Amino acid sequence: MERATGIGGVFFRASDPATLAEWYRQALGIDTFAGESGTPWFQEAGATAFSAFPRDTDYLGRPEQQVMLNFRVTDLDAMLQQVRAAGGTVDDDLQEYEGLGRFGWATDPEGNRFELWQPAPEDGG
């Protein structure tokens, strides 16, 4: 059986694509790929969760938001501070799961909720 080898792209609607792309560049350091004029974002290797949630979950954000992106980060606290400084709304709730890592959530200027994940150190400490 053939298997997908990874996420090749993430595409989403925006009221103002150029402004939102700039926000993600400033808040998360992601250079967005804009057709022939853009540069793809090369990620570091790491785990990717692919999970379906019940239709009535509030975990993904507002009910009309069908997908929530999860970004791996090396320093959750610094990234949340950076997102806040760029004008994102940061949830006060942070969660930590032994062996998995720390999680935080934020919302971009167009109301899209996303998750930030600082994986637990591989040595367990």
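For the single chain, residues carry numbers from 1 onward in sequence order. This is a predicted model, so every value here is computed, not measured.
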query = Do Gln95 and Tyr97 have a side chain donor and acceptor closer than 3.5 Å?
reply = yes
task = Please check if atom CZ in Arg62 has more than 12 non-hydrogen atoms from other residues, nucleotides or ligands closer than 6.0 Å.
result = yes
request  = For residues Leu20 and Asn112, determine if any side-chain heavy atom of one lies less than 4.5 Å from a side-chain heavy atom of the other.
outcome  = yes
inquiry  = Pair Leu94, Arg102 - check side chain to side chain contact (heavy atoms under 4.5 Å, CB included), show working.
reply    = CA-CA 7 Å; Leu94 298 180; Arg102 298 177 63 221; 3.7 Å; yes
Verdict with supporting geometry, Trp105 and Val90, side chain to side chain contact (heavy atoms under 4.5 Å, CB included) = CA-CA 6 Å; Trp105 296 267; Val90 173; over 6 Å; no
message = Looking at every heavy atom in both Trp117 and Leu100, which two are closest together, and how far apart are they?
response = NE1-O, 3.0 Å
message = Using the rule given for side chain to side chain contact (heavy atoms under 4.5 Å, CB included), can you reason through Asp108 versus Trp23, listing the C-alpha separation, both sets of side-chain angles and the distance that settles it, and then say yes or no?
response = CA-CA 8 Å; Asp108 73 22; Trp23 186 86; 3.5 Å; yes
task = Show your working on side chain to side chain contact (heavy atoms under 4.5 Å, CB included) between Leu28 and Phe71 and close with a plain yes or no.
result = CA-CA 9 Å; Leu28 299 180; Phe71 298 100; 3.6 Å; yes
key: ILVMFWY cluster, Val83 and Val10 together (side-chain gap under 4.5 Å)   = yes
key: Beyond-backbone contact of Thr74 with Met79, side-chain heavy atoms, under 4.5 angstrom   = no
ask   = Under 6.0 Å from the CD atom of Glu98, do we count more than 12 heavy atoms belonging to anything else shown?
value = no
ask   = If you count the non-hydrogen atoms of other residues, nucleotides and ligands that lie under 6.0 Å from CD in Gln81, is the total more than 12?
value = no
query = With a 4.5 Å limit on heavy-atom distance, are the side chains of Val73 and Leu80 in contact?
reply = no
task = Report, as yes or no, whether the 6.0 Å neighbourhood of atom CG on Asp93 holds more than 12 heavy atoms from other residues, nucleotides or ligands.
result = yes
